[in-house]
Amino acid sequence: MSKKIITLTRHIIEEQRNYPTATGKFTDLMNDIAFAAKLISYHTNKAGLVDILGETENVNVQGEIVKKLDQFANENMIKALDHGGHLCVMASEEEERVIPIPEKYPLGKYVILFDPLDGSSNIDANVSVGTIFSIYSRISPEGRPGTLQDCLQPGFKQVCAGYVIYGSSTMLVYTTGNGVYGFTLDPSYGEFLLSHPRMRIPKKGNIYSVNESHFDFWEQGIKNYIVYVKQNDPATSRPMNSRYIGSMVSDVHRNLLYGGVYLYPASTRSPEGKLRLGYEANPMAFIVEQAGGKASNGQQRILDVTPHELHQRTPLFIGSEEDVTMIEEFISGQRTFSR
Ligand code: P6P
């Protein structure tokens, strides 16, 4: 009996049957995102062969040198999404302000924020990178262009979140609040096929992902946690394994599959942390929570934070529930390590 082939489109249509008010517009939007992902995947895999590696002469709103593939991914996402009639406004890590829908195109009821290519500093080294997206329903009046306020909603109001990881294979992972589903791109006929139904993250993992070069700049509770996880105590499965790719989508994706925790704390060098709330922390938090995990800024659930500006940064602790809870206990001083 051949295995049932479920494409992303078929899955979304079947999922939308759970939402009686679904109009099919969301299905179209997801298909537009999948199309952009296929284009970015094709060029990411070809990047070494065509003049799309390396840097442009541009510096983005983050103050970072824009990689050619960054720019390509950003332009592709905008072009794939701006004409479908599903969105009223967009926001991108690569654009300082919100991106209006061109007047010649119809407006829709959805809002999308995205990081077109997270981890792009790794591109030239052929390390996997990813696209992250976060979708809300508009809160501004219909019939007019969407607004900045539409893009500053708390994460718990997301209607969909997902990421695409361009690695040994290209995978699209998404949730609409009814579990997490992973699709692998079959390049032979350009379809995303369901490969990871109902993804669940282990309650406790054995991997911690952090850039320890920032150690001296962290608050004491984080330092204590890192000392703790490296201590030799087989009874509590320590030392934990250190795995850090430097591409958050890849680190979180691996931890989602195997269990573990990714940390990007605030520091004296990055007082608000580095990761962006709107298009990195919130979508990944929605996905990880839907898979049974947890995402915190150290004091508060990420999804409960109300953004006050578009490119707002946040400390991020995300992954297996027990690991994130333990980090919060070290930060509050409830826990410490014994020498
Ligand atoms: P650092 C990539 O720039 C990114 O936003 C995440 O994908 C990644 O985990 C982090 O920054 C890497 O930052 O300070 O470890 O180089």
Side-chain angles (χ1 to χ4, degrees), residues 40 44 47 53-56 58-71 73-74 77 91-95 113-134 161-167 171 173 205 207-219 222-223 225-226 242-256 260-285 287-288 293 295-298 302 310-319 323-324 327:
I40 296 168
T44 304
L53 273 180
E55 296 167 347
T56 66
N58 307 332
V59 173
N60 67 11
V61 64
Q62 325 294 341
E64 296 160 344
I65 293 177
V66 178
K67 298 276 188 181
K68 289 179 181 174
L69 208 50
D70 259 341
Q71 195 162 310
N74 186 51
M77 285 291 282
S92 166
E93 182 193 42
E94 296 296 333
E95 306 288 339
L113 293 82
F114 56 84
D115 180 356
L117 210 62
D118 174 71
S120 56
S121 56
N122 292 299
I123 293 172
D124 299 357
N126 207 18
V127 172
S128 56
V129 292
T131 298
I132 313 171
F133 58 91
S134 170
Y163 60 84
V164 185
I165 183 166
Y166 311 101
M171 266 193 77
V173 176
I207 293 171
Y208 71 101
S209 309
V210 71
N211 182 341
E212 293 196 44
S213 71
H214 303 311
F215 185 90
D216 281 354
F217 306 94
W218 290 331
E219 64 178 283
I222 301 288
K223 291 180 180 177
Y225 174 72
I226 296 300
S242 173
R243 293 285 184 274
Y244 192 69
I245 300 171
S247 169
M248 185 262 286
V249 173
S250 308
D251 281 312
V252 173
H253 179 71
R254 182 211 43 245
N255 293 350
L256 185 59
V261 63
Y262 169 93
L263 307 83
Y264 208 105
S267 70
T268 51
R269 293 198 288 193
S270 311
E272 302 301 318
K274 178 180 184 183
L275 278 297
R276 305 296 180 166
L277 178 61
Y279 38 78
E280 291 173 334
N282 268 335
M284 299 309 276
I287 292 165
V288 167
S296 166
N297 64 9
I302 285 285
L310 194 56
H311 301 289
Q312 178 173 329
R313 298 179 190 271
T314 177
L316 179 62
F317 308 97
I318 185 171
D323 294 311
V324 174
I327 292 169

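First listed ligand is number 1; within each ligand, the first listed atom is number 1. Reckoned from all heavy atoms, side chains included, excluding hydrogens, waters and symmetry mates. For clarity, every value in this text was computed on a predicted model and none was experimentally measured.
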Q) Is the closest heavy atom of S247 to ligand 1 under 4.0 Å? A) yes

**Q.** Y264: numbered ligand 1 atoms lying under 4.0 Å from its heavy atoms
**A.** 1 (P), 13 (O), 14 (O), 15 (O)

Q) When you look at CD of E272, are more than 12 heavy atoms from neighbouring residues, nucleotides or ligands closer to it than 6.0 Å? A) no

Q: Flag V249 as yes when one of its N or O atoms lies below 3.5 Å from any N or O atom of ligand 1, and as no otherwise.
A: no

Q: With rounding to the nearest 0.5 Å, note down the distance linking CE in M284 to CD1 in I132.
A: 5.5 Å

Q.
Just to verify, what does F217 make a ring pair (Phe, Tyr, Trp, His ring centres under 6.0 Å) with, not counting sequence neighbours?
A. none

(Q) Whether the side chain of R313 engages the backbone of K274 through a donor-acceptor N/O pair (distance < 3.5 Å, no angle test) should be reported. (A) yes

Q: Check whether any heavy atom of H214 sits under 4.0 Å from an atom of ligand 1.
A: yes

**Q.** Per-atom contacts, ligand 1 versus M248 - under 4.0 Å to a heavy atom
**A.** 6 (C), 7 (O), 8 (C), 9 (O)

**Q.** N/O separation below 3.5 Å, Y244 to ligand 1
**A.** yes

Q.
Test your reading of the model: is there a side-chain donor-acceptor pair from N122 to the backbone of G246, 3.5 Å cut-off?
A. yes

Q) Taking N or O atoms only and a 3.5 Å limit, does D251 qualify as a polar contact for ligand 1? A) no

Q: Determine the interplanar angle of the Y262 and Y244 rings, folded into 0 to 90°, and report it as parallel if under 30°, tilted if 30 to 60°, perpendicular if over 60°.
A: parallel

